[in-house]
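Beneath this line is the structure, given in structure tokens, with notes to follow.
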Amino acid sequence: MRKWWQHAFAVEPAGVPEPTAEEARLIDRLARSIVRRGLTTPALFFLDSSHCLNFLSSQALLFFEPLVRTVFRGTAYTTLARFLERRGSIEYLCRRIEDVLAEPPPPPETARASAPNDPPGDSQT
């Protein structure tokens with residue numbers, strides 16, 4: 001019983017979580033989409049201001065999942081919600097957006113070919 005109480009209120013260690021390969025691909029796609037649309041400043045402002053609510057927002061995403069599933073297919077939505085449950089996920093997303101912003105822009109032909117019209121959560125996996 002004492003051993004259980006020692007870990008009853010344990011939380012994840014502070015710091016940036018290491019995403020899985022699927023989560024890293026999703027976050028990269030989301031960051032590139034934000035930068036491509038020119039929403040870097042509003043996205044970073046929103047993410048920084050809602051930093052302390054990341055777990056609550058992930059639970060809200062999971063709550064609305066049945067409604068969203070009627071519009072979007074795939075597992076990207078659930079993957080994003082599960083990633084946001086972890087401490088430090090907002091910092092990782094902000095850092096990834098800043099990294100993509102710092103990359104040199106691709107040539108015009110490559111930009112059109114690599115920019116599908118599908119929204120980030122509309123994968124068919």
Side-chain angles (χ1 to χ4, degrees):
M1 183 73 162
R2 182 175 179 202
K3 194 173 210 175
W4 181 82
W5 277 108
Q6 286 177 338
H7 303 290
F9 301 103
V11 293
E12 294 178 15
V16 179
E18 191 60 40
T20 64
E22 181 182 3
E23 291 170 344
R25 281 193 305 272
L26 176 65
I27 296 300
D28 186 59
R29 208 169 73 198
L30 181 62
R32 290 184 186 287
S33 177
I34 288 170
V35 171
R36 184 177 66 243
R37 288 182 170 95
L39 297 172
T40 305
T41 303
L44 290 174
F45 179 75
F46 172 76
L47 290 169
D48 281 338
S49 64
S50 64
H51 175 277
C52 59
L53 300 173
N54 72 314
F55 184 76
L56 185 61
S57 63
S58 72
Q59 297 307 298
L61 287 173
L62 290 174
F63 177 78
F64 289 112
E65 183 177 10
L67 180 64
V68 173
R69 286 276 189 194
T70 61
V71 179
F72 296 109
R73 293 177 290 175
T75 60
Y77 186 84
T78 307
T79 303
L80 179 63
R82 296 288 180 204
F83 178 71
L84 289 176
E85 284 181 348
R86 296 188 294 208
R87 291 178 134 195
S89 57
I90 298 293
E91 288 90 3
Y92 180 84
L93 180 55
C94 290
R95 192 173 65 209
R96 189 64 198 123
I97 290 170
E98 291 168 349
D99 291 346
V100 170
L101 185 62
E103 292 176 359
E109 301 85 40
T110 309
R112 274 191 232 116
S114 68
N117 293 330
D118 297 332
D122 198 20
S123 69
Q124 296 184 6
T125 55

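- Side-chain atoms of Tyr77 come within 3.5 Å of backbone atoms of Leu61 as a donor-acceptor pair (strictly under, hydrogens ignored).
- Note: Arg32 CZ to Ile27 CD1 = 13.0 Å, rounded to the nearest 0.5 Å.
- Side-chain atoms of Thr79 and Arg25 form no donor-acceptor pair, as typed in the model, at a separation below 3.5 Å.
- Using a cutoff of 4.0 Å between basic side-chain nitrogens and carboxylate oxygens, Arg82 and Glu22 are not scored as salt-bridged.
- Here the side chains of Glu103 and Val35 are not in contact, with every heavy-atom distance at 4.5 Å or above.
- When all heavy atoms of Tyr92 and Ala24 are compared, the closest pair comes out as OH-CB, 4.3 Å.
- How far CG of Leu39 is from OG of Ser33: 8.0 Å, rounded to the nearest 0.5 Å.
- No side-chain donor-acceptor contact under 3.5 Å links Ser50 to the backbone of Leu53.
- Of the inter-residue distances, the one linking Thr78 atom OG1 with Arg69 atom CZ reads 4.0 Å to the nearest 0.5 angstrom.
- In this structure, Leu30 and Ile97 have side chains that are not in contact, with every pair of non-hydrogen atoms separated by 4.5 Å or more.
- Here the CG atom belonging to Asp48 is positioned 9.0 Å from the CD1 atom belonging to Ile90, to the nearest 0.5 angstrom.
- Distance CD/Glu98 to CG/Leu93: 10.0 Å, rounded to 0.5 Å.
- Going from atom CD1 of Ile34 over to atom CG of Leu47 covers 6.5 Å, rounded to the nearest 0.5 Å.
- Under the 4.5 Å side-chain heavy-atom criterion for ILVMFWY residues, no single connected hydrophobic cluster contains both Phe64 and Leu56.
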